[in-house]
Amino acid sequence: MNERDRSQRQTGRPTDRGSRGGQSGGRGPSRRDAGGRESGGRGRQSDRDTGPSIPEDVAAADLDGEVRRDLLTLDKANAERVAKHLVMVSRLLDEDPSLALEHARAARGRASRVGVVRETAGIAAYTAGEWQEAITELRAARRITGSTALLPLIADAERGLGRPDRAIEIARGTDGRALSGEEASEMRIVEAGARMDLGEPEKAVVTLQAEDLRPGQTGTMAARIFYAYASALAAAGRRDDAITWFMNAASADVDDVTDAEYRLAEYVEGDEGGGTDGVDLSGVDVNGVEPTGVLEDEVAAPTATPASPATPTAVSAPAEPATSKPSITTNDDDAASDEATVDPVDLAVADTVAQAPAAAVGSGVPTTTLADSYDALLLDLDGTVFAGHQALPNAVESLERVATPQFFVTNNASRRPAEVAAHLVELGFDATEDLVVTSAQTAARLLSEHVQPGARALVVGTDGLAQEVREVGVGVTRSADDRPAAVIQGHSTETGWAELSEAALAIRAGALWIATNVDATLPSERGLLVGNGSMVAALKSATGKEPLVAGKPAAPLMADAISRSRANRPLVVGDRLDTDIEGAHSVGIHSALVLTGVSGIDDVLVAPPEQRPTYLIDDLSGLFADPDAVRVAPQPGWEIEVDGPRVTVSGDGAPQSLLPALAAAVWAGFDEQATDTRSSQSEDLSVRAVGDAARDALVAAGVRVVG
């Protein structure tokens, strides 16, 4: 099956996109309308007087009544002509996207200020592969209607122009994260495709894990999500997992909108031939199609406010830049750019957060608190909420006052969720087991995705971890003599030489190795104890192997937590840069570091980019701070100069803003230096104060002041 045929099978409609390497495929400014005249202009007299011919059997009454009402601002004759062009767009979108676009352009030329007309023009351009024109029209429709439903199409069109980073910015922006339902699913599919374009298939996998991936669902959306997930797994080299999810997609695809059955056949043919030549696993071309719309019938027929946007392709091949772009003139009132408001900056530091105007720093209770700015809090436990058998200062009172949904996300795999919840309740917190997400649960899920049901796994860890393994249909053993298919390792105070040796034997014999987490230490009221990561390091040394990691900073646990919370804008709150904060970075969400656990301010100042938090707060009471006051950024009232490793602080700003301002200045200074210079400067970092106010604030914040 060639690429064109595969694209037809994938989208369920004919495609005629042309090639991107130098031929325009009939697109661009040279396109002519049915009368042989140049088209593509907006609001020109030729568009109003000519345009594609309309068959005599087409009537304005064929258009949906709600859409026709949107045309009442036009004079009667013009409204009728526009309506007929829109009917033709609906008729032709599947069979002749180029001609459908010509009709859409003719309608736009007559009614450029009507939102549904611009929306239709955008969808038609998108379906025809005219990416820049699609972006222009869809953004114009957004300006007119105020709807965010078209954002996934805009993001996917950015991919079509070879700008996947731009697509990710839109997906991760305030409006993109505020999407819900199928629109949010569409955006995740587009974001996953953009991750693939950038050669990041593992991040594509994580992006889609925020969706409902329960097998057994049926319908178009389930089929497309399963198909996208399978494609991402294939590109990540996880062939067996990809086969499973292509099977799930085929079962869900009752409307035949994907080519999942064909992809499965390719795998089977590859197996029969003794290899995988029948399927491309490189990640360069996993769908065989460019970004392109798969419009549902009810969306193809324009509506004033679509229930859902046109659906972009699943995880598709990287789009090469188009060699020619439509030349579109605009009326003055339409010429203003409608670029997305998200700047291409580090999401963990300066991504846009939807929030009400905040009170001035230091003015008392803020209008919007840090907790209010997000729709879920993903809270670490040890070092953040409690230390061993003691709640940390201000933790119980703060979480009791917070209205934002709270989920407890822990790398500790020694206890089951019910036990964790019981411990939290004992310490005075309000918690139930459904609010607890553990690395043991995630590790068991990963195990179930990599071994066959009924297989056995050697468990190094507690009985709680063993029970999590049993609940995903995998048998448990403690001996390498049972030839386990996998080893799963979590923290237990009972783990010793004998248990580690059994695991080493199994791993050396070829067993898959999954670690619940790699935390080197475990906080307690007595100090830092030996953590699971230290015992994982022993097995690494003994076997020369590397495990799959479920817990933070690896993405799987974070993805499970996001999925459990069903949040669009979650905030990670934790005490460790190398697990909690880096884990937030791994899935592209914001984080707040509390200075009550492992990582202190000295660690923060020299943190590498992947371990830098969005916010710095002393403890959980900081959830009620003005988010601007605790964001890592320059802060009013504080002047900070960085000269190599020497930092000078002056001013008398708000105390809670000092550390965020200090971190921002030091990071900016370090980032301007070469890596080797940065390393030496971080070792010699010294902070000086100018004035008593600055000195007192630094000392109170725990910063070592010299001079």
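Side-chain atoms are counted along with the backbone in the values below, which use heavy atoms only and exclude waters and symmetry mates.
- Here the closest non-hydrogen pair linking A107 and L86 is CB-CD2, 4.0 Å.
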Contacts under 3.5 angstrom, residues 241-249 side chains, donor-acceptor by atom type, not counting sequence neighbours:
residue : atom : partner : partner atom : Å
D241    : OD2  : R238    : NE           : 3.0
D241    : OD2  : R238    : NH2          : 3.3
T244    : OG1  : D240    : O            : 3.3

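- For R566, the side chain to side chain contact (heavy atoms under 4.5 Å, CB included) test picks out no residue, with sequence neighbours left out.
- In this structure, A104 and A121 approach most closely via the heavy-atom pair CB-CA, 3.7 Å.
- Between the side chain of D255 and the main chain of V257, no donor-acceptor pair closer than 3.5 Å is present.
- Under the 4.5 Å side-chain criterion, counting only non-hydrogen atoms from C-beta, L153 is in contact with I123.
- Taking the side chain to side chain contact (heavy atoms under 4.5 Å, CB included) definition, one finds that A584 meets it with V572, I589, S591, sequence neighbours left out.
- Using a 4.0 Å cut-off between charged side-chain N and carboxylate O, R172 and E191 make a salt bridge.
- In this structure, N78 contributes its side chain and R110 its backbone to a donor-acceptor pair below 3.5 Å.
- Among residues two or more places apart in sequence or in another chain, the salt bridge (Lys or Arg N to Asp or Glu O under 4.0 Å) test is passed with E202 by none.
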- Message: Could you go through D259 and Y227, starting from their C-alpha distance and side-chain angles, then the distance that decides it, and tell me whether this counts as side-chain hydrogen bond (donor to acceptor under 3.5 Å, both in side chains)?
- Response: CA-CA 9 Å; D259 66 346; Y227 186 98; 2.4 Å; yes

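- Remark: R91 pairs with D57, V58, D62, V87, M88 by the side chain to side chain contact (heavy atoms under 4.5 Å, CB included) rule, at least two apart or across chains.
- Here CE of M221 is found 13.5 Å from OG1 of T218. Values are rounded to the nearest 0.5 Å.
- When every heavy atom of A79 is checked against every heavy atom of L71, the shortest pair comes out as CB-O, 3.7 Å.
- A heavy-atom distance below 4.5 Å is found between the side chains of L213 and F226.
- Side-chain atoms of R118 and S112, non-hydrogen and from C-beta on, do get closer than 4.5 Å to each other.
- Using a 4.5 Å heavy-atom cutoff, the side chains of I189 and E211 are not in contact.
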- Item | Check against side chain to side chain contact (heavy atoms under 4.5 Å, CB included), S586 and V206 | CA-CA 9 Å; S586 72; V206 170; over 6 Å; no

- Task: Go through the steps for D175 and T148 under the test side-chain hydrogen bond (donor to acceptor under 3.5 Å, both in side chains), then give the verdict.
- Result: CA-CA 7 Å; D175 289 341; T148 60; over 6 Å; no

- Query: Could you go step by step and tell me if Y374 and R569 meet the side-chain hydrogen bond (donor to acceptor under 3.5 Å, both in side chains) rule?
  - Reply: CA-CA 5 Å; Y374 297 87; R569 298 190 317 280; over 6 Å; no

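- Nearest heavy-atom pair, A124 versus V89, reported as atom, atom and distance to 0.1 Å: CB-CG1, 4.4 Å.
- Tested against R195 for a side chain to side chain contact (heavy atoms under 4.5 Å, CB included), the candidates L208, I168, V205, V190 yield a single pass: I168.
- For P201 against A232, the heavy-atom pair with the smallest separation is CB-O, 4.0 Å.
- Listed by first and then second residue, the ring pair (Phe, Tyr, Trp, His ring centres under 6.0 Å) pairs involving residues 88-110 are H85-H103 (not counting sequence neighbours).
- In terms of the salt bridge (Lys or Arg N to Asp or Glu O under 4.0 Å) criterion, residue partners of E80 (sequence neighbours excluded) are, by chain and number, K84.
- Using a cut-off of 4.0 Å between Lys/Arg side-chain N and Asp/Glu carboxylate O, E169 and R159 are scored as not salt-bridged.
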- Task: Test side chain to side chain contact (heavy atoms under 4.5 Å, CB included) on S147 and R142 and set out the steps.
- Result: CA-CA 5 Å; S147 172; R142 273 199 71 197; 5.8 Å; no

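- Listed by chain and residue number, nothing satisfies the salt bridge (Lys or Arg N to Asp or Glu O under 4.0 Å) test with D96 (two or more places apart in sequence, or in another chain).
- Between F407 and P405 the shortest side-chain heavy-atom distance falls below 4.5 Å.
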- Task: Assess whether salt bridge (Lys or Arg N to Asp or Glu O under 4.0 Å) is satisfied between E119 and R139, documenting all intermediate values.
- Result: CA-CA 9 Å; E119 177 182 320; R139 285 177 176 162; over 6 Å; no

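- Between N568 atom CG and R177 atom CZ the span is 9.5 Å, to the nearest 0.5 Å.
- Listed for the T207 side chain is a donor-acceptor partner under 3.5 Å among the backbone atoms of K203.
- Using a distance-only test at 3.5 Å, with no hydrogens or angles considered, a donor-acceptor pair links the side chain of T136 to the main chain of Q132.
- For D70 (side chain) and V116 (main-chain N/O), no donor-acceptor pair under 3.5 Å exists by modelled atom type.
- Salt bridge E186/R224: present, at least one basic N to carboxylate O contact under 4.0 Å.
- Partners of A567 by side chain to side chain contact (heavy atoms under 4.5 Å, CB included), not counting sequence neighbours, listed by chain and number: D375, A376, S565, P570.
- The pair D197-R163 fails the salt-bridge criterion, with no side-chain N (NZ, NE, NH1 or NH2) lying under 4.0 Å from an Asp/Glu carboxylate O.
- The pair R263-E266 counts as a salt bridge, with a side-chain nitrogen and a carboxylate oxygen less than 4.0 angstrom apart.
- At a threshold of 4.0 Å, the pair E133-R108 counts as salt-bridged, since one of the basic side-chain nitrogens sits closer than that to a carboxylate oxygen.
- Looking at heavy atoms from C-beta onward, L161 lies in side-chain contact with I135 at the 4.5 angstrom threshold.
- Nearest heavy atom pair, residue P52 against residue E102, reads CG-CB, 3.4 Å.
- Atom CE of M558 sits about 5.5 Å away from atom CG of L378, to the nearest 0.5 Å.
- The CG atom of L101 lies 9.5 Å from the CG atom of L93; values are rounded to the nearest 0.5 Å.
- Within the 4.5 Å cutoff, the side chain of L370 has heavy atoms near those of the L571 side chain.
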- Task: Would you sort out whether Y126 and I154 count as a side chain to side chain contact (heavy atoms under 4.5 Å, CB included), showing the intermediate values?
- Result: CA-CA 9 Å; Y126 175 84; I154 295 173; over 6 Å; no

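- Of the inter-residue distances, the one linking L92 atom CG with T127 atom OG1 reads 12.0 Å to the nearest 0.5 angstrom.
- Under the salt bridge (Lys or Arg N to Asp or Glu O under 4.0 Å) criterion, D560 pairs with R445, not counting sequence neighbours.
- D64 has its side chain within reach of V67: a pair of non-hydrogen atoms, C-beta onward, lies under 4.5 Å apart.
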